[in-house]
Amino acid sequence: MRIALTALTDELRRLKGAGVKTVNVSSDSVVALRSALVRLRDASAEPEPAKAEAASRRLMTGKEASGTGPREASPAQAPVLPPPRPAVVVEGRNKQERWDKLRDMVLNDPECRRHVRPGKKVVLGVGSLDARIMFVGEAPGGEEEIQGEPFVGPAGQLLTRMIQAMGLQRADVYIGNIMNWRPEMPVGADGVQYGNRPPSPEELAYCLPYLKAQIDIVAPEFLVALGATAAQALLGAGTFKALGEVRGRWKEFEGRPLMVTYHPSYILRNQSNKSKRMIWEDLLQVMDKAGIPASDRQRGYFLEK
Ligand code: URA
């Protein structure tokens, strides 16, 4: 299976190198790939004797596994999904104490740790616990899982510049993600994961209570969802089909005003002033609602063609 996945990755890299931007994959194939990936990961996490035992179990029906039936190939393995997460309640005398407890809880959560490769980190939000504005992204990427901090890679640097354009500093706001780990994909021959994939609904459901706990502790006046994954997770799956339906509109999450906008990585892919202006208009709305003064110059950013 590893060989097949490596061949597939190589082929996708080759197509990308040849300028192919999209490939059509049926939802069945996505499910099969995801379950292959999880099986591979789980198999490589098992100690040797357990691996052999698990491999033989996979070749047997339930009957034969208990020693009573004929040997035959098993149906496709279901992926090992994260367990449902109960609500996270963090008590404490003040915000800092509650946040410290939450950080210990998240960094030591066995499910979060299970998804993080050796040398990489589980990631929790950062910023001011008194922030009026909280930005919510999707999931850590390669740089974030190394540093253990959200939005420190290229998209993060752009987010920092967007925050500065609002007349704020990164330390004035709180920046979190729905996910606390980087969703895994097969690694290359050098052991490095190059791509990123969107989190599965189960992964999102597992991590969301941790984000809710951060919102509860920081108690920001305004939330900003960056991109479709964050917006779906906060507004509810299926509330919109295309991000354009909700972006630039005030919504609500648990009683807090929520502005939905594009993810900064969208700007990294579309460097036009038009795309920049769309995000900027959403952020101007946040500034206006928060009473953050915007100069004429700020109001005019990215208007020139
Ligand atoms: N993209 C995100 O959504 N979050 C990060 O932390 C980095 C990139």
Side-chain angles (χ1 to χ4, degrees), residues 99 102-103 106-107 109 112-113 115-117 119-128 131 133-164 168-185 192-215 218 220 222-235 237 240 243 246-247 251 253 258-271 275-276 278-279 282-283 286:
W99 190 85
L102 178 67
R103 185 195 49 208
V106 174
L107 300 193
D109 179 317
C112 293
R113 292 171 67 108
H115 290 274
V116 171
R117 293 198 174 87
K120 302 295 189 298
K121 295 182 178 162
V122 173
V123 180
L124 184 68
V126 282
S128 165
I133 303 173
M134 183 186 287
F135 290 88
V136 179
E138 177 177 316
E143 198 53 47
E144 287 76 19
E145 68 167 358
I146 292 174
Q147 296 191 34
E149 181 168 333
F151 283 101
V152 287
Q157 287 157 20
L158 180 55
L159 176 63
T160 303
R161 292 203 295 279
M162 285 157 49
I163 292 166
Q164 288 166 346
L168 302 170
Q169 295 302 317
R170 202 174 144 102
D172 296 330
V173 301
Y174 191 91
I175 303 174
N177 275 318
I178 309 284
M179 294 297 301
N180 300 108
W181 66 79
R182 180 185 187 192
E184 305 103 303
M185 290 185 69
V192 175
Q193 175 178 330
Y194 287 99
N196 291 312
R197 67 162 169 85
S200 68
E202 295 80 12
E203 289 174 321
L204 289 170
Y206 187 84
C207 291
L208 188 58
Y210 283 139
L211 179 80
K212 284 188 182 178
Q214 292 169 81
I215 296 174
V218 177
F222 308 97
L223 293 164
V224 182
L226 301 167
T229 305
Q232 288 276 8
L234 294 176
L235 293 174
F240 60 89
L243 189 64
V246 286
R247 101 59 356 223
K251 300 279 169 191
F253 177 73
L258 164 70
M259 172 55 66
V260 177
T261 192
Y262 292 109
H263 193 282
S265 60
Y266 171 75
I267 298 293
L268 293 179
R269 293 192 302 268
N270 298 275
Q271 293 276 350
S275 325
K276 290 179 189 166
M278 284 199 286
I279 296 202
D282 302 343
L283 296 182
V286 176

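When a ligand or atom number is given, it counts from 1 through the structure's own listing order. Treat the numbers as computed from the prediction; the structure is a model and nothing was measured.
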_Pair Asp109, Tyr210: side-chain N/O donor-acceptor within cut-off below 3.5 Å_ =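 A donor-acceptor contact under 3.5 Å links the two side chains.
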*With no hydrogens and no angle check, do the side chains of Asp282 and Thr261 hold a donor and an acceptor under 3.5 Å apart?*
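Side-chain D/A pair, Asp282 to Thr261: present.
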*Roughly how far, to the nearest 0.5 Å, is CG of Leu204 from CD of Glu138?*
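It is 7.5 Å, given to the nearest 0.5 Å.
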*Rounded to the nearest 0.5 Å, what's the gap from CE on Met179 to OG1 on Thr229? Could you check?*
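Here the rounded value is 10.5 Å.
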*Heavy atom of the protein closest to atom 1 (N) of ligand 1 (residue, atom name, distance)*: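 Protein heavy atom at minimum distance: His263 NE2, 3.2 Å.
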*How close does the nearest protein non-hydrogen atom get to atom 4 (N) of ligand 1, and which residue and atom is it?*
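The protein heavy atom lying closest is Asn177 OD1, 2.8 Å.
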_With a 4.0 Å cut-off on N to O distance, would you call Glu184 and Lys120 a salt bridge?_
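Between Lys120 and Glu184 there is no salt bridge, as every charged N stays at least 4.0 Å from the carboxylate O atoms.
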*Check: Asn270 and Ile267 side chains under 4.5 Å, non-hydrogen atoms*: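 Answer no - side chains too far apart.
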*Which atoms from ligand 1 have a heavy atom of Gly137 less than 4.0 Å away?*
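Contacts of ligand 1 toward Gly137, numbered from 1: 3 (O).
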_Suppose I only count heavy atoms of Glu138 and a 4.0 Å limit; which atoms of ligand 1 are within that range?_
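Under 4.0 Å from Glu138, ligand 1 has these atoms: 2 (C), 3 (O).
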*Tell me which one of Ala139, Pro150, Pro140, Pro154 gets a heavy atom nearest to atom 8 (C) of ligand 1.*
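Of the listed residues, Ala139 has the closest heavy atom.
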*asked:* Is the contact between Glu144 and ligand 1 made by the side chain, the backbone, both, or neither, using heavy atoms and a 4.0 Å cut-off?
replied: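 The answer is the side chain of Glu144.
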*Below 3.5 angstrom, do we get any N/O pair linking Phe151 and ligand 1?*
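Yes: some nitrogen or oxygen of Phe151 is under 3.5 Å from one in ligand 1.
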